[in-house]
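Order of listing sets the numbers, starting from 1, for every ligand and every atom in it. Just so you know, these numbers come straight off a predicted model, no measurement behind them.
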Amino acid sequence: MTARVVIIGNGMAGARLAGELHAREGDRKVTVLGAEPHRAYNRILLSTLLAGRIDEPDVELTEAAGHGVDLRSGVRVTAVDRSAREVRTGDGERIGYDHLVLATGARAVVPPLPGLDPANLPERVVPFRTLDDCRRILAATDGARSALVLGGGLLGLEAARGLATRGLATTVVHPREHLMERQLDPTAGAVLAGTLAGFGVTVQLGVSATGVAADASGVRLDLADGRSLRADLLVLSCGVRPDTALAQAAGLTVRRGVVVDDRLRTSDRSISAIGDCAEHDGVLTGLVAPAWAQAQVLADVLTGTDPLARYRPRPVVTRLKAAGIDLASMGDASSGGPDEELTFADPTRGTYARLRIRDERLIGAILLGDNPAVGTVIQLFDRGQPVPSDRRALLLGRALGAVGATPAASPALMPDAATVCQCNTVSKGALVRSWRSGARTVDAVVAATRAGTGCGGCRDAVSGIVDWLSQAESVEVTR
Ligand SMILES: Cc1cc2nc3c(=O)[nH]c(=O)nc-3n(C[C@H](O)[C@H](O)[C@H](O)COP(=O)(O)OP(=O)(O)OC[C@H]3O[C@@H](n4cnc5c(N)ncnc54)[C@H](O)[C@@H]3O)c2cc1C
């Protein structure tokens with residue numbers, strides 16, 4: 001009998017899983033049910049779309065529709081009947097499954113403020129999570145001169161930079177004492193605020209919003225210190241919450257997310273969960289690299305390609321996708337304790353670097369502005385390699401030999417195991433192997449390896465490696 005796999009959610013995790021299943025041999029019927037009306041799209045690139053650096057068609061993801069994948073957009077699943085092994089859709093259809101996958105993602109948090117009804121937000125008040133949100137923000141910018149962004153985390157700042165690029169006087173309101181407090185220390189936050197000011201983004205720190213009033217002419221945001229800020233639109237960027245409603249109603253174990261084991265199984269062996277809705281080992285990921293890694297493991301397990309495949313979290317590197325602002329943050333770079341700490345700050349140039357080292361290994365770093373060593377630092381962190389004895393060279397990005405080679409500087413010196421694409425976990429060695437297998441252009445290498453198809457931040461590095469390969473007479477690849 002053909003195995004029936006039903007995937008709830010056609011987001012970045014669900015669409016990737018469908019593709020992974022499609023790519024593996026075997027007789028199975030895969031049904032993907034997606035509540036959003038569109039084809040699957042790259043949610044990460046919404047910040048770039050908002051900034052006007054790409055167009056809507058550029059965010060589409062290639063899907064595995066047809067060939068055994070039944071893809072249904074605009075279909076919301078309203079209930080899971082575990083005893084009958086069926087899901088029910090909004091229009092009353094019942095669809096049976098042998099294995100069910102929850103890939104329901106997360107929803108934007110709408111803060112509980114007077115004037116904000118999550119079910120009925122004013123036209124000029126928009127969260128930033130979906131393509132429809134992005135369209136609404138862009139519609140509201142038409143003829144607008146000013147914008148407010150509530151929330152100074154990563155996405156709030158990407159939104160603010162994008163709105164400023166479109167010529168809007170933009171103010172970020174953040175309740176904490178410094179920006180991106182989950183990733184940055186206070187000094188880095190202050191340097192970043194200075195950089196943003198240069199792009200026309202004002203920052204109001206350490207003040208909470210107390211209410212919102214909005215009509216067709218604009219928005220007023222009331223603050224706890226008695227002030228009110230006015231603008232033509234308000235973007236809400238107050239975090240996300242895993243979408244666990246279906247799992248909860250079906251009686252699965254849910255903490256902050258749907259609890260899964262290393263095989264991505266929930267408390268029901270016939271149901272798995274991946275992506276933003278899943279909680280693995282007490283951790284919610286909220287990023288695409290783990291979601292795609294989980295999709296790969298689950299496809300291996302479900303199809304029997306590798307029944308022993310297990311999801312193992314990798315170190316996370318966060319990068320801000322905002323034109324003119326280079327920011328990478330990884331691990332725990334906070335101060336205190338016996339660890340070795342190295343810092344360099346040049347606020348007038350918007351540059352800041354902080355490295356935290358324990359037992360000769362990098363356990364955290366913040367690199368803001370012009371930091372030539374960023375590629376090296378990411379590789380050292382990612383691979384847990386010993387740091388070079390010349391700490392100053394590492395901090396300031398001077399020549400470091402083999403370990404310090406960035407792809408753009410010298411791909412020849414990069415170790416083959418170095419991860420070039422963080423979103424898809426693609427190493428330099430994998431890029432070289434795709435070249436050797438016949439991929440001769442950047443597009444062909446990208447198609448063969450998927451490098452560059454996540455946030456796109458490694459595209460220059462991939463191009464650099466392809467250029468180097470096309471010039472090199474012979475390339476020795478070691479594993
Ligand atoms: C603007 C923006 C920028 C980002 N930038 C980055 C970045 O640079 N790097 C990074 O790693 N991550 C980034 N992220 C986070 C990243 O997009 C998420 O981690 C990723 O989308 C998670 O994929 P997912 O499939 O789990 O969830 P989602 O992509 O949210 O997809 C879940 C899908 O399930 C659907 N769904 C939910 N319930 C049902 C139901 N009952 N029936 C049917 N369908 C349902 C939803 O409609 C949605 O389409 C960004 C997010 C945003 C919003």
Exercise for the section: For His174 and Glu181, test the side chains for any donor-to-acceptor distance below 3.5 angstrom and give the result as yes or no. Expected result: yes
Handout entry: Gly286 neighbourhood, listing ligand 1 atoms whose heavy-atom distance to it stays under 4.0 Å
Key = 15 (C), 19 (O)
Practice task
Just let me know how Asp243 lines up against ligand 1, side chain, backbone, both or neither, with a heavy-atom cut-off below 4.0 Å.
Solution key: side chain
Exercise for the section: Check whether any N or O atom of Arg319, backbone or side chain, sits under 3.5 Å from an N or O atom of ligand 1, and answer yes or no. Expected result: no
Exercise for the section: Determine, using heavy atoms of Leu50 and all atoms of ligand 1, whether some pair is separated by less than 4.0 Å. Expected result: no
Practice task
Before signing off on this row, confirm whether Met12 and ligand 1 have an N or O atom pair separated by under 3.5 Å.
Solution key: yes
Exercise for the section: For the pair Arg135 and Glu56, find out whether any cationic side-chain nitrogen is under 4.0 Å from an anionic carboxylate oxygen. Expected result: yes
Practice task
Check whether any N or O atom of Val288, backbone or side chain, sits under 3.5 Å from an N or O atom of ligand 1, and answer yes or no.
Solution key: yes
Handout entry: CZ (Arg255) with more than 12 external heavy atoms under 6.0 Å
Key = no
Exercise for the section: Flag Cys277 as yes when one of its N or O atoms lies below 3.5 Å from any N or O atom of ligand 1, and as no otherwise. Expected result: no
Handout entry: ligand 1 to Glu158 polar contact by distance, N or O atoms, under 3.5 Å
Key = no
Problem - Nearest protein heavy atom with distance in Å, relative to atom 45 (C) of ligand 1 - result: Ala35 CB, 3.7 Å
Problem - Presence of salt bridge, Arg124 and Asp232, under 4.0 angstrom - result: no
Practice task
Check the side chains of Asp261 and His280 for a donor-acceptor pair under 3.5 angstrom, ignoring hydrogens and angles.
Solution key: no
Practice task
Nearest 0.5 Å please: distance from the CG atom of Leu368 over to the CZ atom of Arg349.
Solution key: 14.5 Å
Exercise for the section: Report yes if some N/O of Ile8 lies less than 3.5 Å from some N/O of ligand 1; otherwise report no. Expected result: no
Practice task
Before signing off on this row, confirm whether Asp276 and ligand 1 have an N or O atom pair separated by under 3.5 Å.
Solution key: yes
Problem - Ala13 N/O under 3.5 Å from ligand 1 N/O - result: yes
Exercise for the section: Just let me know how Thr78 lines up against ligand 1, side chain, backbone, both or neither, with a heavy-atom cut-off below 4.0 Å. Expected result: neither
Exercise for the section: With heavy atoms under 4.0 Å as the rule, classify the contact between Val75 and ligand 1 as side chain, backbone, both or neither. Expected result: backbone
Practice task
Determine whether the side chains of Asp268 and Thr266 contain a donor N or O and an acceptor N or O closer than 3.5 Å.
Solution key: no
Exercise for the section: Report yes or no: do Asp382 and Thr419 form a side-chain donor-acceptor pair below 3.5 Å? Expected result: yes
Fill in the blank from the handout: OH (Tyr41) and OG1 (Thr130) are apart, to the nearest 0.5 Å, by 5.0 Å
Practice task
Identify the heavy atoms of Asn371 and Ala353 that sit nearest to each other, and give their distance.
Solution key: OD1-CB, 3.5 Å
Exercise for the section: Identify, for atom 48 (C) of ligand 1, the protein heavy atom at the shortest distance, and state residue, atom and that distance. Expected result: Glu36 OE2, 3.4 Å
Practice task
Please report which non-hydrogen protein atom sits nearest to atom 30 (O) of ligand 1, along with the residue it belongs to and the distance in Å to one decimal place.
Solution key: Arg129 NH2, 2.7 Å
Fill in the blank from the handout: If you compare Leu284, Asp133, Leu155, Leu246 by their heavy atoms, the one closest to atom 52 (C) of ligand 1 turns out to be Leu155
Exercise for the section: Could you tell me whether Arg161 sits above the aromatic face of Phe199, with NZ or CZ closer than 6.0 angstrom to the six-membered ring centre and within 45 degrees of the axis? Expected result: yes
Completion exercise
The protein heavy atom nearest to atom 37 (C) of ligand 1 is Thr104 O, 3.3 Å
Practice task
Could you check atom 9 (N) of ligand 1 against the protein and tell me its nearest heavy-atom contact, residue, atom and distance included?
Solution key: Ile44 CD1, 3.6 Å
Completion exercise
Contact region, Ala103 to ligand 1, non-hydrogen atoms below 4.0 Å, reads backbone
Problem - Under-4.0 Å salt bridge between Arg76 and Glu36 - result: no
